[in-house]
Amino acid sequence: MQPGGMLLTEAAIAVAALIVLIVRVRLSPFIALTLVSLALALVVGIPLGSIVKSFEAGVGGALGHIALVVGLGTILGKMMVESRGAERIADSVIGFFGPARADWAMMTVALIVGLPVFFEVGFVLLVPIVFTLARRLGQHPMRMGLPMAAGLSVVHAMVPPHPAALLATQAYNADVGLTVLFALIVGIPTAAIAGPLYGRLVIRHLAPQPIAPAAVVEAEDTRSLPGFGITLATLLLPVVLMLAGSLATMIALPGSRLDGILRFVGTPVVALLAAVLVSYWTLGLARGMNLGTIQKFTNDCLAPTAMITLVVGVGAGFGRVLIDSGVSDAIVAAATSVHMPIVLLAWLIAALMRVATGSATVSMATAAGIIAPLAAANPGIRPELLVLATGAGSVILSHVNDGGFWLVKEYFGLSVADTDPQLDRVRNADLGGRAGADATAVAGRLAYLPPIVVAGLFHPRSRTVATPRSPG
């Protein structure tokens with residue numbers, strides 16, 4: 001295996017080459033990601049017989065989840081649009097918050113919907129409402145999309161019972177109630193700064209409003225709108241089912257039949273499938289559609305998702321090559337060799353792992369596994385604050401190996417140059433915000449540091465630690 005410094009340099013060059021191929025050469029992201037992934041594997045010395053297997057493992061692992069989630073979520077979104085359910089929710093949101101605060105409404109909805117679901121699931125559930133609101137108000141979709149992404153990202157990183165945050169909470173033996181309290185104290189202002197406030201500043205710098213993807217184009221007809229209650233219940237059904245799955249151990253005895261049922265129906269695929277089937281009745285058959293029409297809507301909306309899912313898949317393949325090449329291990333070794341406060345170390349390891357793998361959940365799991373023994377040896381540090389620091393680092397620096405990056409780019413019709421700073425400053429500058437629209441991308445990428453400041457305020461006795469040495 002190559003030295004760690006060389007591996008990190010080669011990985012950085014690969015990312016830069018990927019961006020050049022997409023932005024300057026105008027190569028398809030699907031082709032560019034595949035080429036760079038295979039080239040990096042060759043350069044770092046992965047055996048020839050293992051290169052394609054490594055890449056395919058990453059692609060297959062991501063598509064096994066993402067393809068089903070995007071497909072089922074798109075069908076649900078199509079039913080919301082064709083039944084005018086998305087319009088009903090948009091009208092209700094505008095009526096309650098007012099047109100001038102619709103972006104704040106989207107942030108609030110995302111904070112609630114995102115609790116039990118991963119970012120990609122919440123994204124495909126809410127994007128039809130984003131486009132409908134944008135059309136009704138004559139705004140760029142990113143005016144509503146940025147607050148949505150900020151809300152989803154905050155709960156993904158920090159708020160139990162979201163699976164990623166709950167994982168870190170358990171690893172650090174943190175109190176769930178206190179973790180939620182601290183997460184809300186930090187997370188709500190974070191989402192506000194990175195979502196509605198930043199969105200109002202950055203929209204003027206984006207290209208003119210793009211055309212909505214076919215799967216979420218608003219249907220203009222004269223039919224009456226569906227009821228708000230039944231529409232909201234259909235949309236929130238997968239959220240409720242996934243929340244039940246996350247809380248299964250609190251509701252039922254572990255290992256019991258009820259526990260198994262709750263965990264099964266709480267998986268994203270089953271929960272979304274149930275919502276799709278319910279929508280066929282509540283938003284389809286009950287409103288006068290026939291099965292032939294519903295089948296047509298289902299088939300029509302899936303075609304535009306092909307490129308999205310493929311790009312997300314090869315992005316995960318690139319991430320897998322980074323892992324198998326030893327880049328992730330090199331990052332961890334470099335981070336743990338540095339003497340620094342344990343809270344900052346938790347954030348740093350999670351942040352570096354995020355850059356290498358593109359996965360917030362993997363980053364949190366890795367960082368928590370490394371930091372948990374150090375935290376146990378330093379009882380003066382609140383474990384709840386370690387959860388926040390780890391979660392903050394796990395969603396920083398989103399780039400081309402992150403599925404969420406490509407979802408935002410493809411759905412909102414952005415270029416890579418637009419998506420990188422916007423996604424970084426929303427999903428990744430969440431915990432710091434920005435001083436103004438002209439702040440640099442670098443400032444935005446360092447903005448996840450405030451959880452460490454918060455930790456210091458709560459516990460000024462945070463110790464400086466290094467990796468424990470073996471006896472002798």
Side-chain angles (χ1 to χ4, degrees), residues 56-80 110 112-128 152 155-156 161-167 215-216 233-249 251-252 257-284 294-295 297-317 319-320 358-362 365 402-404 406-407 410-411:
E56 288 179 344
V59 174
L63 291 184
H65 170 71
I66 291 294
L68 293 171
V69 165
V70 170
L72 291 170
T74 300
I75 295 170
L76 181 59
K78 181 69 171 179
M79 294 301 299
M80 291 278 295
I112 296 171
V113 170
L115 265 177
V117 305
F118 287 98
F119 180 88
E120 294 83 358
V121 179
F123 184 90
V124 296
L125 282 175
L126 296 179
V127 75
L152 292 174
V155 293
H156 181 101
H162 190 283
L166 195 59
L167 182 152
V216 293
T234 303
L235 177 65
L236 293 182
L237 175 60
V239 178
V240 172
L241 291 177
M242 283 182 266
L243 183 59
S246 299
L247 300 177
T249 55
I251 300 173
R257 186 173 182 81
L258 178 58
D259 178 62
I261 291 173
L262 289 174
R263 291 180 183 277
F264 173 72
V265 301
T267 57
V269 172
V270 174
L272 282 168
L273 178 60
V276 167
L277 295 177
V278 169
S279 75
Y280 281 170
W281 171 256
T282 58
L283 303 178
I294 293 175
Q295 182 187 49
F297 289 157
T298 300
N299 293 337
D300 289 347
C301 75
L302 290 178
T305 67
M307 181 55 72
I308 295 173
T309 52
L310 283 174
V311 169
V312 170
V314 293
R320 183 69 190 185
S359 169
T361 305
V362 171
D402 175 21
W406 295 106
L407 281 178
E410 298 296 332
Y411 268 96

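One is the number of the first residue; the rest follow in order along the sequence.
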### Task
Output the distance between atom CG (L236) and atom CG (L241), rounded to the nearest 0.5 Å.
11.0 Å
### Task
State the OG1-CE distance between T282 and M80, to the nearest 0.5 angstrom.
9.0 Å
### Separation between CG of L76 and OH of Y280, rounded to the nearest 0.5 Å
9.5 Å
### Message
Would you compute the distance between atom CG of L272 and atom CG of L277 and round it to the nearest 0.5 angstrom?
### Response
11.0 Å
### Query
How many angstroms lie between CD1 in I75 and CG in D300, if you round to the nearest 0.5 Å?
11.5 Å
### Task
Identify the heavy atoms of D259 and A248 that sit nearest to each other, and give their distance.
OD1-CB, 3.4 Å
### Task
Looking only at non-hydrogen atoms, find the nearest pair between L302 and G71 and report the distance.
CD2-O, 3.7 Å
### Shortest non-hydrogen separation from V155 to A110 and the atoms involved
CG2-O, 4.4 Å
### Query
For T234 and P238, which heavy atoms make the closest approach, and how far apart are they?
O-CD, 3.6 Å
### Message
Would you compute the distance between atom NZ of K78 and atom SG of C301 and round it to the nearest 0.5 angstrom?
### Response
6.5 Å
### Query
Closest approach of L273 and L72, non-hydrogen atoms and distance?
N-CD1, 3.9 Å
